[in-house]
Student: 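Shown below is the structure under consideration.
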2 protein chains.
Amino acid sequence: MNRLKKYEFSADEIELADIAKALSHPARIKILKILSNKNVCMCGDIVELMPLAQATVSQHLKELKRVGLIQGEIEGPKVCYCLDNVKMEKAKESLMKMFKKVCC
Amino acid sequence: MNRLKKYEFSADEIELADIAKALSHPARIKILKILSNKNVCMCGDIVELMPLAQATVSQHLKELKRVGLIQGEIEGPKVCYCLDNVKMEKAKESLMKMFKKVCC
DNA sequence: ATCGTTCATCGTAAATATACGATAAGGAGG
DNA sequence: CCTCCTTATCGTATATTTACGATGAACGAT
């Protein structure tokens with residue numbers, strides 16, 4: 001954003017937009033799907049399933065962590081990522097509330 | 001995106017990410033809310049309720065139109081915007097499907 | 001026909017996002 | 001300690017987004 005105007009909006013609007021932003025790239029949708037297959041959680045395994053370089057996947061993981069949809073836990077030299085189901089539920093509820101208020 | 005990699009993902013992932021992108025700015029969330037108050041639909045009225053310049057609001061409206069969440073109908077010199085409830089419902093369902101598949 | 005109103009689009013500047021190679025940081029195992 | 005493996009971060013290039021003033025296009029009214 002050019003000159004930060006976000007403070008002109010309500011906290012709800014900003015929060016919801018932020019969640020949507022985290023979901024606004026197919027790579028991040030795919031990562032969430034991969035993590036929901038509880039068999040896979042190691043960062044390296046995720047990278048293998050993605051058509052992107054390791055550094056790029058790491059960036060997407062960081063964005064998902066930023067909004068709290070996933071967590072990363074260090075296991076020796078590896079990192080095990082998992083969904084934060086509480087946060088996911090909250091994100092779903094926020095989106096649903098908006099849709100209900102707005103139309104359906 | 002640097003080198004377009006989106007084709008590496010599934011149509012579902014791309015479509016969902018696209019919907020999320022449309023929702024990923026507080027201004028656009030606010031516009032949807034404003035339009036759900038059926039009293040307001042003229043572009044000018046929307047602009048007055050937004051903390052942004054007319055040109056910027058027009059850009060946000062265009063993005064919402066691009067994904068089909070709203071429609072614009074010319075009424076003389078003015079333009080009346082309204083939600084596309086069918087598309088909104090579809091967007092909600094797509095998001096819900098993802099959440100259900102992924103966690104909740 | 002001219003004028004004012006309304007809104008989209010153009011042009012542009014700055015911020016942010018996306019992507020990747022290279023490198024750093026940390027642990028495992030010799 | 002040294003090396004390998006794993007992952008985050010840095011540096012960087014490019015694309016996209018956001019924002020606004022200026023301009024253009026379309027219409028209604030005078």
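Just so we're on the same page: letters track the sequence lines, and every chain starts at 1.
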Student: Within this structure, what is the CG-to-C1' distance between L23(A) and dA17(C), rounded to whole angstrom?
Tutor: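 Rounded to the whole Å, the gap is 16 Å.
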
Student: Same cluster or not: are L49(A) and V57(A) linked, directly or through other Ile, Leu, Val, Met, Phe, Trp or Tyr residues, by side-chain heavy atoms under 4.5 angstrom apart?
Tutor: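 Yes, L49(A) connects to V57(A) through the hydrophobic network.
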
Student: I need the minimum non-hydrogen distance between S36(B) and V102(A), along with the two atoms involved.
Tutor: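 For S36(B) versus V102(A), the nearest heavy atoms are CB-O, 3.1 Å.
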
Student: How close or far is atom P of dA17(C) from atom CD of E63(A), stated in whole angstroms?
Tutor: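 Distance check: E63(A) CD to dA17(C) P gives 7 Å.
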
Student: Please report, rounded to the nearest Å, how far the P atom of dT7(D) is from the NZ atom of K65(A).
Tutor: 11 Å

Student: Report yes if at least one side-chain N or O of H60(B) is closer than 4.0 Å to OP1 or OP2 of dT17(D); otherwise report no.
Tutor: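 So the side-chain polar atoms of H60(B) never come under 4.0 Å of the phosphate oxygens OP1 or OP2 of dT17(D).
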
Student: Kindly determine whether L23(A) and L32(A) satisfy side-chain contact (heavy atoms from CB on, under 4.5 Å), including the steps that lead there.
Tutor: CA-CA 9 Å; L23(A) 300 176; L32(A) 293 180; 3.6 Å; yes

Student: For D18(B) and dT18(C), what is the distance between atoms CG and P respectively, to the nearest whole Å?
Tutor: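 To the nearest whole Å, that distance equals 13 Å.
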
Student: Between dT18(D), dT7(D), dC7(C), which one does the side chain of M42(B) approach most closely?
Tutor: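 For the M42(B) side chain, the nearest candidate turns out to be dC7(C).
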
Student: Under 4.0 Å from OP1 or OP2 of dC7(C): is there any side-chain N or O of K62(B) that close?
Tutor: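 Checking K62(B) against dC7(C): no side-chain N or O falls below 4.0 Å of OP1 or OP2.
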
Student: About how many Å separate CG of L95(B) and CZ of F99(A), when rounded to the nearest 0.5 Å?
Tutor: 5.0 Å

Student: Kindly give the heavy-atom pair with the smallest separation between G68(A) and D84(A), and that separation in Å.
Tutor: O-CB, 3.3 Å

Student: Rounding to an integer number of Å, can you tell me how far L61(B) CG sits from dT18(D) P?
Tutor: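 In whole Å, dT18(D) P and L61(B) CG are 13 Å from each other.
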
Student: Going by salt bridge (Lys or Arg N to Asp or Glu O under 4.0 Å), name the residues that satisfy it together with E15(A), two or more places apart in sequence or in a different chain.
Tutor: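 Partners of E15(A) by the salt bridge (Lys or Arg N to Asp or Glu O under 4.0 Å) criterion come out as none, since no residue qualifies.
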
Student: Reading nucleotides 21-30 of chain C 5' to 3', which nucleotides get B (base under 4.0 Å from a protein heavy atom), which S (sugar-phosphate only), which -?
Tutor: BB----SS--

Student: I14(A) CD1 to dT18(D) C1': how many Å, rounded?
Tutor: 15 Å

Student: Rounding to an integer number of Å, can you tell me how far K30(B) NZ sits from dT18(D) C1'?
Tutor: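 Checked: the NZ to C1' distance equals 17 Å.
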
Student: Considering the options K65(A), R66(A), H60(A), which one meets the side chain to side chain donor-acceptor pair (under 3.5 Å) requirement together with E63(A)?
Tutor: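 So the option named by the test is R66(A).
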
Student: Over all strands shown, is Q59(B) touching base, sugar-phosphate only, or nothing at heavy-atom distances under 4.0 angstrom?
Tutor: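 Base, at least one base heavy atom under 4.0 Å.
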
